[in-house]
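In each ligand, atom 1 is the first atom listed, and ligand 1 is the first ligand listed. Positions are given from 1 along the sequence.
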Amino acid sequence: MKYSALNLVRNAFSHNRNWKEAWRSPEPKKEYDVIIVGGGGHGLATAYYLAREHNVGNIAVLEKGWIGGGNTGRNTTIVRSNYLWTEASLLYEKSMQLWEGLSQDLNYNVMFSQRGVYNLGHTLQDMRDIERRVNANRLNGIDAEVVTAKQIKKDIPLINTSPDARYPILGASLQPRAGVARHDAVAWGFARAADQLGVDIIEQCEVTGVNRNGSTVTGVETTRGTIKAKKVGVVVAGNASVVASMAGLRLPIESHPLQAYVSEPLKPVLDTVVMSNAVHGYVSQSDKGELVIGAGIDAYNGYGQRGSFSTIEHAMQAILELFPMFSRVRMLRMWGGIVDVCPDACPIISKTPVDGLYFNCGWGTGGFKATPGSGWVFAHTIAEDRPHELNQPFNLQRFETGALIDEHGAAAVAH
Ligand code: FAD
Ligand code: PYC
């Protein structure tokens with residue numbers, strides 16, 4: 001459809017009657033070459049890259065709810081690639097490079113806004129860690145700089161850099177290419193593009209069992225019947241352990257609620273993203289004007305998509321410590337998602353002991369930024385039946401060999 005002024009007027013008065021569905025709603029076939037379980041951003045991206053880069057022709061994405069109704073549509077949309085270790089930073093940087101061309105690639109505006117992300121330091125040890133990470137990032141070709149408190153105050157006039165603050169701001173790392181994107185547009189963009197390549201996206205279709213013949217996967221049981229498949233890729237974020245247990249596997253994952261909050265819309269007051277590990281909150285302003293706020297996980301395990309009151313209070317305290325002026329802002333709503341956290345705060349993108357069964361999970365509090373990169377490497381892993389060199393370190397075996405990649409510092413959200 002052409003976006004002329006005439007079309008805009010016609011659509012405004014059409015009561016949506018002539019709108020075409022952005023993707024089809026097919027009945028599931030009896031068999032597919034590849035089934036992707038989970039219609040979040042990662043699952044849809046995987047299907048898209050499988051069809052586009054690997055020429056796989058017979059793919060279904062099975063989603064128990066609706067597209068993007070999981071963490072993809074619940075997160076605070078921060079995108080950055082400033083991780084400490086080479087393995088992680090190269091993976092997230094691959095994703096960053098895909099983000100930079102994503103709207104053109106999908107022909108869908110995902111509203112990727114490279115407005116910069118500041119990770120604040122409040123102690124001398126914070127600043128040493130920041131310097132170490134900035135140096136490591138630069139060695140890996142990732143844009144990163146150390147900025148002083150004076151520079152932060154110049155760039156973000158509302159922030160409180162008083163040395164009398166309980167946790168005074170001493171400086172920060174800044175990744176200028178980092179930023180935010182419109183989360184549900186990412187799901188819709190990948191869904192439409194995958195659909196156009198022939199992928200069947202089947203919503204309201206919960207996977208309830210994983211079928212095997214000996215040690216080889218043969219398909220899945222679903223609420224819409226048995227579906228056979230040569231290969232099954234599971235990308236179900238907070239539900240990874242549940243689906244793994246259907247295949248007789250146990251994952252080193254804990255599931256926790258993670259909350260987010262938005263305020264009433266304000267005029268533009270914050271044109272970048274601010275994160276603080278020490279006071280432990282993060283905030284950006286959406287294009288609608290809402291402050292988008294988050295903090296750490298709720299400490300208990302659970303599958304309820306909400307969270308506890310004490311975490312709300314903690315998050316608000318943290319943001320007011322950084323921006324006292326926001327005390328006059330009214331909050332509109334909150335919600336939670338379920339994040340699946342690995343012991344080293346890094347994902348699992350891996351083959352499994354079951355032939356033809358692959359898992360992509362454990363992104364914890366930080367997988368939105370990885371959506372295109374995760375899909376890209378997972379598609380490679382499934383198509384070639386071996387990992388790409390970028391995801392090879394993120395295998396399941398690392399929990400036996402001890403080759404962990406500890407990114408708790410760069411994850412920047414306490415787990
Ligand atoms: P999802 O979007 O959750 O997709 C998984 C899908 O699987 C769901 O739609 C679910 O319904 C489906 N599913 C589950 N079980 C089944 C089944 N049995 N059968 C069929 N379908 C099933 N990351 C960042 O990088 N930056 C951030 O700022 C950020 N903020 C966050 C804030 C919050 C409050 C939360 C909760 C998370 C945040 N994250 C952030 C993490 C990020 O949202 C996730 O890591 C990422 O979205 C995971 O993507 P996904 O596509 O795997 O998950
Ligand atoms: O990974 O950058 C991140 C993040 C921010 C908020 C939640 N996760």
Side-chain angles (χ1 to χ4, degrees), residues 35-46 61-83 92 95 99 117 119 175 178-181 183-184 186-187 190 202-210 220-224 234-246 255-262 273-275 277 280-284 292-298 303 305-307 311 315 334-341 345 347 349 360-371 374-375 378 407 410-415:
I35 283 177
I36 301 297
V37 186
H42 288 227
L44 293 162
T46 306
V61 175
L62 308 183
E63 165 54 48
K64 76 172 173 185
W66 65 96
I67 291 309
N71 287 348
T72 300
R74 292 167 182 269
N75 70 83
T76 47
T77 78
I78 298 173
V79 174
R80 57 191 173 85
S81 59
N82 55 354
Y83 280 70
Y92 287 103
S95 202
W99 277 111
V117 171
N119 289 98
Q175 185 178 20
V180 289
H183 45 14
D184 31 29
V186 175
F190 271 118
I202 301 163
E203 295 171 87
Q204 307 298 331
C205 181
E206 178 170 0
V207 169
T208 53
V210 175
V220 291
E221 294 299 325
T222 80
T223 47
R224 294 172 68 172
V234 181
V235 209
V236 294
N239 291 277
S241 310
V242 178
V243 179
S245 70
M246 295 175 195
S255 298
H256 291 267
L258 178 66
Q259 307 186 34
Y261 320 90
V262 289
V273 183
V274 177
M275 304 184 67
N277 259 6
H280 204 202
Y282 38 92
V283 56
S284 64
V292 181
I293 291 174
I297 57 169
D298 280 65
Y303 291 100
Q305 289 173 316
R306 52 190 88 88
T311 304
M334 59 76 65
W335 63 88
I338 306 305
V339 295
D340 51 345
V341 179
I349 318 166
N360 181 342
C361 58
W363 293 93
T365 59
F368 178 67
K369 66 176 77 65
T371 304
S374 158
F378 199 40
E407 285 291 2
V413 179
H415 331 112

> Under 4.5 Å between any side-chain heavy atoms of V274 and Y282, yes or no?
Replying inline: no

We want to know whether [X] and [Y] form a side-chain donor-acceptor pair, criterion being a heavy-atom distance below 3.5 angstrom.
X	Y	value
T222	E206	no
T72	H183	no
N82	N119	yes
T311	D298	yes

Contacting atoms of ligand 2, where contact means under 4.0 angstrom from a heavy atom of [X]:
X	result
T365	1 (O), 4 (C), 7 (C), 8 (N)
G366	1 (O)
K369	1 (O), 2 (O), 3 (C)
T76	6 (C), 7 (C)

> In terms of residue, atom name and distance, what is the protein heavy atom nearest to atom 2 (O) of ligand 2?
Replying inline: R80 NE, 2.8 Å

>> Are more than 12 heavy atoms, taken from residues, nucleotides or ligands other than R306, located less than 6.0 Å from that residue's CZ atom?
In response: no

> Under 4.0 Å from ligand 2, counting heavy atoms only, is it the side chain of Y282, its backbone, both or neither?
Replying inline: side chain

> With sequence neighbours excluded, what pairs up with F368 under the ring pair (Phe, Tyr, Trp, His ring centres under 6.0 Å) test?
Replying inline: W99

> In Å, rounded to the nearest 0.5 Å, how long is the span from CD of Q204 to CG of L62?
Replying inline: 12.5 Å

> Is the backbone N or O of K369 less than 3.5 Å from a side-chain atom of S95, with the two atoms forming a donor-acceptor pair by type?
Replying inline: yes

Check ligand 1 against the protein and report each N/O to N/O distance under 3.5 Å, formatted as atom name, atom name, distance.
unit_1   : atom_1 : unit_2 : atom_2 : d
ligand 1 : 2 (O)  : N71    : N      : 3.2
ligand 1 : 2 (O)  : T72    : N      : 2.8
ligand 1 : 2 (O)  : T72    : OG1    : 2.5
ligand 1 : 3 (O)  : N71    : N      : 2.7
ligand 1 : 9 (O)  : E63    : OE1    : 2.7
ligand 1 : 9 (O)  : E63    : OE2    : 3.2
ligand 1 : 11 (O) : E63    : OE2    : 2.7
ligand 1 : 18 (N) : V207   : O      : 3.1
ligand 1 : 19 (N) : V207   : N      : 2.9
ligand 1 : 21 (N) : K64    : N      : 3.1
ligand 1 : 23 (N) : T365   : O      : 3.2
ligand 1 : 23 (N) : G367   : N      : 3.3
ligand 1 : 23 (N) : F368   : N      : 3.1
ligand 1 : 25 (O) : I78    : O      : 3.3
ligand 1 : 25 (O) : G366   : O      : 3.1
ligand 1 : 25 (O) : F368   : N      : 3.0
ligand 1 : 25 (O) : K369   : N      : 2.8
ligand 1 : 25 (O) : K369   : NZ     : 3.1
ligand 1 : 26 (N) : I78    : O      : 2.9
ligand 1 : 28 (O) : T76    : OG1    : 2.8
ligand 1 : 28 (O) : T77    : N      : 3.3
ligand 1 : 28 (O) : I78    : N      : 2.9
ligand 1 : 30 (N) : T76    : N      : 3.1
ligand 1 : 30 (N) : T76    : OG1    : 3.0
ligand 1 : 39 (N) : T365   : O      : 3.1
ligand 1 : 43 (O) : N71    : O      : 3.3
ligand 1 : 45 (O) : G367   : N      : 2.9
ligand 1 : 51 (O) : G41    : N      : 3.1
ligand 1 : 51 (O) : H42    : N      : 3.0
ligand 1 : 51 (O) : T72    : OG1    : 3.4

